[in-house]
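In what follows, a single structure is set out as structure tokens and then discussed.
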Amino acid sequence: MSDGSDDADGGESDVEQMSAHEAAAVDGADGADARDFWAAAVADEIEARNPDEPIVIKGGVSPSGVAHLGNFNEIMRGYFVAAVLRERGYEVRQVFTSDDRDPLRKLPRKLADVDGDIVGLGDVDAGALGRNLGTPYTDIPDPFGESESYAAHFAALLKADADRLDVPVEMLSNTELYEDGTFEDVVAHVLEHADEAREVLSAYQSKVDEDYVPFNPICGECGKITETVTEVDLDARTVEYVCTDMTVGDETIEGCGHEGTATLREGKLPWRFEWPAQWQVLGVDFEPFGKDHAEGSWPSGEDIARNVLEIEPPVPMVYEWFTLNGEALSSSQGNIVTVVEMLDLLEPEVLRYFFALNPRKARDLDISRLDQLVDDFDRFERAYFGDVDDESVTAFAERAYPFVVDEIREDRVRLPYTFAAVLGMTDDRDLRIEMARNEGYIDDDTPEWAIEEALERVDRARAWAVREDNAYNYRIQDALPEVDFDENVEAALDELADFVAAGNDGEAIQGEMYETARRNDIEVGDFFEAGYLLFFDQPQGPRLGEFLGELDTEFVVARLRRDG
């Protein structure tokens with residue numbers, strides 16, 4: 001749940017990187033069996049309260065910048081708990097609130113367009129944002145000129161991401177909940193009990209004096225949120241206000257000075273009251289939130305729920321923020337990645353798996369080492385089908401795997417990610433299949449659908465290689481490049497071809513290249529360059545011997561012999 005601060009999407013922590021089986025070994029929650037699935041433990045706690053149906057699971061965010069993977073934490077944490085409860089026969093409603101009556105407090109550095117692609121402010125009508133500091137997000141024009149507001153644009157991105165991962169979440173707008181009267185009674189209750197509200201809030205927030213009123217009207221003149229209420233009329237359900245300045249860090253958003261009257265539908269509760277008010281009006285049974293709120297907003301929300309609203313707060317779950325490439329996720333610093341970007345690199349089930357891991361353990365999403373995450377997922381999948389001799393990861397897979405994949409099919413083909421990246425060096429589909437066949441991943445009994453799914457990973461691994469410009473970012477030349485070698489180089493290439501044809505693996509080929517060069521009185525670097533020219537038409541590339549060991553043997557032998 002975001003409190004509207006720009007960096008509520010991340011936090012600094014000591015990051016513990018874990019593989020899937022290590023994470024599974026500590027996947028319990030609150031003393032549950034360490035082999036259990038955390039979402040099952042949370043579902044147990046919800047069940048223990050004998051909730052009415054539908055059980056309501058909530059998350060939320062303030063639409064302050066790019067809808068990125070960090071914002072998706074609560075949607076995915078809620079999804080797994082909802083999935084477990086549905087498996088147990090409960091009707092579940094998963095909702096996600098856009099806190100879009102919050103005011104825009106500062107300009108984001110980046111935005112995402114309707115397709116989820118990240119763009120800078122220079123690519124949009126940034127003035128539409130700059131002119132509306134202090135204005136609710138729903139009253140700010142969409143800088144892309146497509147949605148009805150900036151808030152609607154942001155919410156549509158999150159809903160599209162949820163759809164991409166097949167998460168059935170219902171997006172709700174706080175603005176609509178205020179305007180249609182859903183919040184009106186709880187706002188009136190808070191104002192009627194303003195003395196109790198001030199007393200509770202003063203334990204968590206400074207500058208709560210006797211003039212503090214827990215309601216922020218929208219100025220009827222300039223449209224900005226103001227925090228200065230001068231009179232409350234509960235019978236008329238209105239407040240009198242003055243549009244005063246808003247302080248944001250070291251900056252000041254100027255009010256217009258207008259004095260006016262607003263109804264209880266024409267404003268909003270301050271954040272610390274709005275969050276528990278959502279629990280009340282939506283009947284929330286469970287809400288996950290980041291550890292920053294565990295130390296701030298949750299204690300006050302719990303107190304306000306019980307002692308001001310007189311309701312029981314929902315079952316909470318605190319999750320650790322993950323870091324991205326070793327740094328805290330931060331919209332303002334530009335250290336973010338979107339769901340769309342990740343799905344260019346990973347299958348949806350691999351991304352779901354990342355969120356299925358124990359949310360109470362900090363971990364790093366290192367894009368440069370996505371191969372490790374994919375390898376862990378593949379092991380997790382094999383464990384579900386009984387092919388991994390590790391009790392902890394098998395127990396975790398047995399509980400979590402059905403919620404990670406769209407369909408359980410044992411005859412899927414999962415090409416190792418780095419091998420898929422090697423296959424991505426060629427666009428020749430037949431060569432890709434032949435190489436996978438020679439490595440034993442595909443045989444005559446492999447169904448066509450499984451081959452097609454396997455090749456989808458190749459395209460994603462290729463995108464990863466290009467994005468990271470790593471050792472796999474090369475292109476095999478489909479046709480023999482125009483090359484002209486000395487006789488001793490040609491003789492050495494023929495010798496190496498014989499060695500490869502004998503069935504030696506990549507490590508052996510790598511070592512043999514040094515020996516072959518020496519036997520033929522060739523500089524080692526020159527011999528490797530000849531190989532690179534044959535396969536890539538450029539003088540350098542990956543570790544050549546090991547790379548050749550991954551390719552189709554007949555193709556490699558023919559190319560070394562310059563046969564095409």
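For this chain, numbers begin at 1 and follow the sequence in order.
Judged by distance alone, the side chains of Thr261 and Glu240 do bring a donor and an acceptor atom under 3.5 Å apart. Side chains of Trp271 and Ser297: a donor on one and an acceptor on the other come within 3.5 Å. Side-chain contact check for Thr97 and Asn174: no donor-acceptor pair (N or O, by modelled atom type) lies under 3.5 Å. Looking at Thr323 and Asp364, their side chains do bring a donor and an acceptor atom within 3.5 Å of each other. In this model, no donor atom of one side chain and acceptor atom of the other lie less than 3.5 Å apart for Glu349 and Tyr401. Side-chain contact check for Tyr241 and Glu227: no donor-acceptor pair (N or O, by modelled atom type) lies under 3.5 Å. No side-chain donor-acceptor contact under 3.5 Å links Asp100 and Thr138. There is a side-chain donor-acceptor pair under 3.5 Å between Gln278 and Asp99.
Among the candidates Ile75, Val81, Val315, Val42, the single residue satisfying the side-chain contact (heavy atoms from CB on, under 4.5 Å) test with Ile57 is Val81. Screening Phe377, Phe322, Phe72, Phe380 for a ring-ring contact (aromatic ring centres under 6.0 Å, His included) involving Phe354 leaves a single residue, Phe322.
Remark: Ala305 pairs with Pro276, Trp279, Ile311, Pro313 by the side chain to side chain contact (heavy atoms under 4.5 Å, CB included) rule, at least two apart or across chains.
Panel note: side chain Asp102, backbone Pro136; no donor-acceptor pair is recorded below 3.5 Å. Under a 3.5 Å cut-off, the side chain of Arg363 and the backbone N or O of Asn358 do form a donor-acceptor pair.
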Problem - Candidate pair Tyr204 and Trp298, rule ring pair (Phe, Tyr, Trp, His ring centres under 6.0 Å), full reasoning - result: CA-CA 11 Å; Tyr204 306 94; Trp298 170 255; over 10 Å; no

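Between Glu320 and Lys361 there is no salt bridge, since none of the side-chain N atoms of the basic residue sits less than 4.0 Å from a carboxylate O of the acidic one.
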Would you be so kind as to tabulate the donor-acceptor pairs closer than 3.5 Å made by side chains of residues 207-224, with sequence neighbours excluded?
residue	atom	partner	partner atom	Å
Asp209	OD1	Asp211	N	2.9
Asp209	OD1	Tyr212	N	3.1
Lys224	NZ	Glu254	O	3.0

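The number of heavy-atom neighbours closer than 6.0 Å to CD of Glu148, taken from other residues, nucleotides and ligands shown, is 12 or below.
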